[in-house]
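What follows is a set of notes on a single structure, which appears directly below.
All residue numbers in this chain count up from 1 along the given sequence.
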Amino acid sequence: MSTLAGARNVVVRDSTFNDLSTNIHHHIHMIAMDDFELLDKKLPRAHRAHYNANSPAQRNACLENTREAVLAQLVTWAGDHMSNKIYWLSGMAGTGKTTIAYSFCEILSSKRMLGANFFCTRLEAESSNVVHIFPTIAHQLARRFPAVSSALVATIRDDPDVGYKIVQQNFKDLIVQPLRAAAADFEGTSFVVVIDALDECTSQSQVADLLLAIARHASSLPLKFFVTSRPEKDIRKTFKRRGFGNFDNFILHDVEKDVVSSDIELYTRYRLTDIADGRSDLMDDDEWPPESQVKALVTLSGSLFIYAATACSHIAAGVDLRARLTMITDTSSGTTTDGTISLDALYSSILAAAYKNANQMEKEEIQKVLYAVIHALDPLSINSLSHLLRMTTGQIQSALSCLHSLIHVPRSKDLNNPITTFHSSFPDFVNDHSRSGDYHLDPTTSHQLLSLDCLELMEGSFQSKEIVSYLTERNQIDIPQSLSYAATFWVSHLASSQEKDDKTPVFYILSYKFFQTRASQWIDCSSIIGQVERTVNDLRTVEKWAESQPVLNDWARDVRRFMTENMEFIRSQSLEGYSAPFIWLPEKSYMKQKYESGRPSPWKLILGQRHTWDACEAILTGHSAPVVSVAYSPDGKHIVSGARDNIIRLWNAATGEPEAELTGHSSWVTSVAFSPDGAHIASASGDKTICSWNPETGEFESQLKVHPTFVRSVAFSSDGRHGVSGLNENSICIWNTVTAESEVELKGHSNWVESVAFSPNGKYIVSGSHDHTVRVWNSVTGYPEANLKGHSNWVVSVAFSHDGNYIVSGSSDNTIRIWNTTTWETEAELKGHSNGVNSVAYSSDGRHIVSASDDSTVCLWNACTGELEATLRGHASWVASAVFSPNGAHVASTSGDKTVRIWNAMPEESDIILKGHSTYVRSVAFSLNGTYIVSGSDDCKIYIWNIASGSPEAQLIGHSSSVVTVAFSPDGTHIISGSSDNIVCIWNVATRKAVMELYGHLNYVRAIACSPDGKLVASGSHDNTIRVWDAEKGTLIAVLTGHSAAVTGLAFSSDGGLFVSASDDGTLCIWDLATRQPKKRLRGHQSSVNSVAYSSDGLYIISGSSDSTICIWSVETGKPKLKLKGNSGWVNTVAFSPDGRLVVYASGSKQISICDAKTGEHMAELKGHSEAVTSINFSPNGKHLVSASSDKTIRIWDMLTCETTMELKGHLNWVASVAFSPDGSHVVSGCHDHTVRVWDVITGVCEVEFKDHSGQVYAAAYFPDGQHVISGSDDRMVRKWNIVTGECMTFAENYLLPNGTNVHHRPSGDFYLSPPVLFPPDQLSLDVTGEWINHIKSTKKCWIPPLFRQPSAIAYHTSMICLGYETGEVIALQLNHKG
């Protein structure tokens, strides 16, 4: 009892209140109605699970003065603050658990101690669904407690789908967190949550999850939990589970027989006396009920209240009460340990009486109704049964007329109320042939018949125009209950049946016909009644059930794939009224073949129609960074993934739905693994920790900090007692999973340990390392057992076969090796991947291996023969991890494309779809006449697609890197493609050959020079070429080749007729611009020539080399006139003074040397830079020198004083090039920080900064007009800048097509056409959400499935749209205005 019970005007924390009821009353009036509506709408509740609700279960309280001892003990437990938080009342069927729970709720309610309650019953689907329990309890708590309501409403507003998560997450989000937020309101109080009949829930695994969730948090909550159930094995096992915690247990069937018998006798006398009231033949009978027969009835009941209750009900239904009482008490019976024989005899006698006077037809009707009532998965009304069984309501009432003691039959005026059994012991009886004998209702046969009944009902219903209109309008209210039942449960009935020779052919025929004619209407109906997810899950069972019938199996698979791909549409739209989902289906899809033609559509998929479903069955999205690790739970029901977004996600393996998000790591998650019992998840991270998580609750459990280094991998031993992890410090750590402490460190690798695994017997550990080896260790002693060598690159993944006889390893050398663990020799080398192998794993039977690779594929191999069995394509980036499901039927993979994919591990040949492109489509374009499409991809290929045939007509190969843009010429005779190889190709469509390649530089631009008249620009590159450009137009004039290595320096003669180039090939070359041919080649340096310059009179050339020499050459003779030795190291830069009297150079040292140009005499040194000088240049009047340095500064020197007059700072990296403006007032600089800057030499201020280069700038110079500068970069671009306007021109090659169109080369392989191609106005547009294709002038629009919503390339042409994808697919749709 609360210490405040009965108190008035109590002040707590500055608040005054009268009593709890006043507080609740205030709460109800203070909270806005929209909050209540939110709770009602967002919490999936069981509306009739409250203990006193009008439920088919027909619950009642204990008769007064019965069960007093049990109830007294429960009340004491509820009020004792020191008692355990969990109380489990267990007992056999019929011992009165629900009646006790009902009475306990009444007592708690009267004492204001009832927090919430949920009474489970198999008679009602929503009340037998574990998923509804916690949301229902949360709703009740919120209705009662203001603070809980506020916290819960806030949670729902933050996550509207919070009520639909897994059981453990539900408890945490809906109960634990709101109660903690409202903790202050519960101080000093005691409230109880009652959950009755957990054994009647449909999923016992979820019951275990529920109990474990309660056990984990109960001690920290202001609630106690009272649960009842039969002592089923799974429930007992859960309560006994290690770490479950303390709880009270009362075993009802172990109560002293005298106590139970006394209560049953009291109940029996009361019921028999009550039955006699109003019966004229017994009103004055003092001997009713007969004492001896009461005693006999109590004896027969044993410890089962349900026996007494059923017997009394049967007596009450009779005309001659004495005769019925005598019939029951004279029934011979024995005794059993579970007390069922007497109950069986009672049930048998009641059924015998029902069949006794019935003719054969009536007996068949009784049996038919019974199998439906007993085995219905949700209680059905008389009206619904009438429709389902094709019987009249009168026939059903007649069939049940003698069974009212066993079955609750609604009155004639309540024909829509459900028919239910009074107690679950009766279904248990008729389902068990050893107990029921001739009255046995075979569950297999019953479920199969019900499945057929459902199919036949739907077949008839879907022919009704009225029903079809309900489906089209999505009218849930008017969908008959019988149709709703049939649509929901026909597959479930099938799942509960097994093959029978006399039924299977009929079922196959009906099922096949149903799929062919009614599948779309069934899907609509399932959607309207909210059963889409259930339907998808159940279809998997149909596939398994029909394995021996390929066509039916394929139909079930096809419908399931159709639903999963279009689930978003199915939830909100009717298939009866819209055709969009069918447009996108594969050609061989049964759903497309049978249902699309009946739904005329204005939209047509004209290109990229899939031939059949591919092997990928689901794409799981949610991670925001590359997903690098994946694992299945041991039961195959869950998938865990770890990603570089620092998050671990838990997924439902069957539906692909997210179940939980585990957060806590502060860096990349590198590896995840389930413990062998599925009770824990281990994760390794770059934050130097290994964490353990509870997959049932999603909560963090413990952390192991194994070493101050990056943890790369994690794995469990087969017994779950130990874990092993690979570290960046070249070592391996073995740790105890119970204590979370490190036990052994294994050392021997000479580089990172990328992957580790235990052998199945736990005796060995295998590791793969960046040192190219696979090592095997003794897990007990820590000593190495074997060092396996063979890979030529990093070993990234290792795994044992499940028998421990083999090890498989995957390497960055693109291969997979299988090793024999007896001989330690290579058994096989598997080759097939075109890039590094990131992951390998065995199937559970050891017959297959799966591998994941940087080549974006998942491969399936035969482990015995080494043959490649299948290549799974679909990921848009490198595949990091791949594993088999425990049953080997599926593979889960993760990728740099941020997704997890689930694949069919046994794909048929038709499942492996061959697209045109194999990866990312970068560009698509229509021809002007709309008959062709061209596409370019990261696979370096170009495809020409014929729209009429819907297939690729040609493949153009020539680029060495990604094709980033494509286009047709206006006349359609040519295709232009641009690539990241910096080449623009022009292709002849007819010949499929490249007629021209437009190059920019193929490597970085090292040198730049302008002609004296400003009309030409020359650029030298590491591609060994010199390009001469029109300075005004930016177009290419000539490509000069001759050097065998990078061109490092360029300079024009003063008259502009010649220019000289320097190269890493050790030579200089003088070029004649008129002929574009080399005039002289200057040889003399022994190493790379780094810098070159002309004298002002054009007679001499100076060069500096890595051989530490400076040469002054005669232009006329091509011979060295003077050779100087530099100070030390390479000579980086050289220059003539304007008057030709001085030469300056800078070598590897930090100073600049000044020499006499005629004699070579050393005259002075300029010192000031703190690092190497990279570039020097004289002012036009020769009075100043500018220098650049790797110290990030620029210095201006006075040539008379040899002192620095100005230091220019601002660049963030090496300054590679400097030059004066023609008037000497400014300096231009090019820097490795990607910028070009213009400086005022008087103020030292940077006046302009150009940032268009995407790479380091190596060369910069002024144009003769002083208004422009030119620059070259390692982004391979030559750019011209207008200093005043900032306008930038990129120099590029161009080509004139025969039709007069100019193709202009742009940076990074891009291009543009002039004049541009003028297409007709677009009529279509893609919705901003990516969900719809819209027509701009009408309401016609086409829905896009999620799979096709993120195109990487888009093109339009009047009423057509083309979409390219990261997967390599190219599709096109057309709108037919007449459609």
Side-chain angles (χ1 to χ4, degrees), residues 916-925 934-944 954-969 973-1006 1017-1030 1033-1047 1252-1255 1272-1279 1289-1298 1301-1314 1317 1352-1353 1364:
H917 293 293
S918 61
T919 187
Y920 206 118
V921 176
R922 294 285 176 179
S923 179
V924 290
V934 62
S935 59
S937 163
D938 278 356
D939 62 10
C940 311
K941 297 174 183 177
I942 300 159
Y943 276 91
I944 303 173
Q955 181 187 102
L956 310 180
I957 299 177
H959 286 293
S960 61
S961 190
S962 299
V963 181
V964 295
T965 183
V966 289
F968 275 97
S969 63
T973 60
H974 292 82
I975 286 171
I976 305 95
S977 61
S979 167
S980 56
D981 62 12
N982 207 31
I983 298 174
V984 173
C985 280
I986 299 169
W987 309 81
N988 185 300
V989 173
T991 66
R992 319 295 198 232
K993 301 294 184 182
V995 297
M996 177 60 69
E997 293 183 349
L998 308 184
Y999 296 89
H1001 280 295
L1002 301 181
N1003 211 320
Y1004 67 83
V1005 179
R1006 176 76 173 271
V1017 169
S1019 58
S1021 167
H1022 272 231
D1023 64 8
N1024 307 349
T1025 69
I1026 302 158
R1027 292 175 184 263
V1028 181
W1029 311 87
D1030 184 307
K1033 298 177 181 178
T1035 55
L1036 184 66
I1037 295 175
V1039 179
L1040 309 183
T1041 59
H1043 285 296
S1044 61
V1047 178
D1252 284 17
H1253 280 297
S1254 60
S1273 163
D1274 70 1
D1275 63 9
R1276 300 175 292 186
M1277 296 297 108
V1278 177
R1279 297 178 185 271
M1289 174 191 289
T1290 301
F1291 288 13
E1293 192 172 0
N1294 69 332
Y1295 179 77
L1296 185 66
L1297 294 173
T1301 301
N1302 255 305
V1303 180
H1304 299 271
H1305 184 285
R1306 273 181 171 168
S1308 302
D1310 194 6
F1311 63 86
Y1312 69 96
L1313 304 181
S1314 64
V1317 182
S1352 55

I'd like to know whether Tyr943 forms a side chain to side chain contact (heavy atoms under 4.5 Å, CB included) with Val934, so could you lay out the CA-CA distance, the side-chain angles of the two residues, the decisive distance to 0.1 Å, and finally the verdict. CA-CA 6 Å; Tyr943 276 91; Val934 62; over 6 Å; no
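- The backbone N or O of Thr1041 lies less than 3.5 Å from no partner atom in the side chain of Thr1025, so there is not a single donor-acceptor pair.
- Looking at Asn1003, its side chain never comes within 3.5 Å of a backbone N or O of Asp1023 through a donor-acceptor pair.
- Atoms OG1 and CZ, on Thr965 and Phe1311 in that order, are 4.5 Å from each other to the nearest 0.5 Å.
- Side-chain atoms of His917 and Ser935, non-hydrogen and from C-beta on, do get closer than 4.5 Å to each other.
- Under a 3.5 Å cut-off, the side chain of Asp938 and the backbone N or O of Thr919 do not form any donor-acceptor pair.
- Side chain of Ser1352 to backbone of Gly1364: a donor-acceptor contact under 3.5 angstrom is found.
- Glu997 CD to Ile983 CD1: the interatomic distance, rounded to the nearest 0.5 Å, is 5.0 Å.
- Looking only at atom types and distance, the side chain of Ser961 has no donor-acceptor partner in the side chain of Asp981 under 3.5 Å away.
- Note that NE2 of His1022 is 11.5 Å distant from NE2 of His1001, once rounded to the nearest 0.5 Å.
- Side chains of Trp1029 and Val1278 form a contact here, defined as non-hydrogen atoms less than 4.5 Å apart.
- From Ile1037, atom CD1 reaches atom CG of Asp1030 across 5.0 Å, with rounding to the nearest 0.5 Å.
- You'll find the side chain of Ile944 reaches within 4.5 Å of the side chain of Leu956, heavy atoms only.
- For the pair His1043 and Ile1026, the minimum side-chain heavy-atom distance is below 4.5 Å.
- Between the side chains of Arg1279 and Thr1290, at least one donor N or O sits under 3.5 Å from an acceptor N or O.
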Residue pair Val989, Phe968: steps toward the side chain to side chain contact (heavy atoms under 4.5 Å, CB included) verdict: CA-CA 9 Å; Val989 173; Phe968 275 97; 4.3 Å; yes
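- For the pair Ser962 (side chain) and Ser980 (backbone), a donor-acceptor distance under 3.5 Å is absent.
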Might you work through the side chain to side chain contact (heavy atoms under 4.5 Å, CB included) test for Asn1294 and Leu1036, ending with a clear yes or no? CA-CA 7 Å; Asn1294 69 332; Leu1036 184 66; 5.8 Å; no
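- Of the possible donor and acceptor atoms, none in the side chain of Arg1276 sits under 3.5 Å from a partner among the backbone N and O of Ser1273.
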Side chain to side chain contact (heavy atoms under 4.5 Å, CB included) between Val1047 and Asn1024: does it pass, once the steps are laid out? CA-CA 6 Å; Val1047 178; Asn1024 307 349; 5.6 Å; no
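- Proximity of Ile976 to Val984: side-chain heavy atoms (C-beta onward) are separated by under 4.5 Å at one or more points.
- Proximity of Phe1291 to Thr1035: side-chain heavy atoms (C-beta onward) are nowhere separated by under 4.5 Å.
- For Arg922 and Tyr920, the positive end sits near the middle of the six-membered ring, less than 6.0 Å away and at most 45° from its axis.
- Side-chain contact check for His974 versus Pro1298: some heavy-atom pair is nearer than 4.5 Å.
- Between His959 and Val963, the closest heavy-atom pair is CD2-CG2, 3.8 Å.
- Summarising the geometry, atom SG belonging to Cys985 is positioned 10.5 Å from atom CE belonging to Met996; distances are rounded to the nearest 0.5 Å.
- For the atom pair NZ of Lys1033 and CE of Met1289, the computed distance is 10.5 Å after rounding to the nearest 0.5 Å.
- At a threshold of 4.5 Å between non-hydrogen side-chain atoms, the residues Trp987 and Ser977 count as touching.
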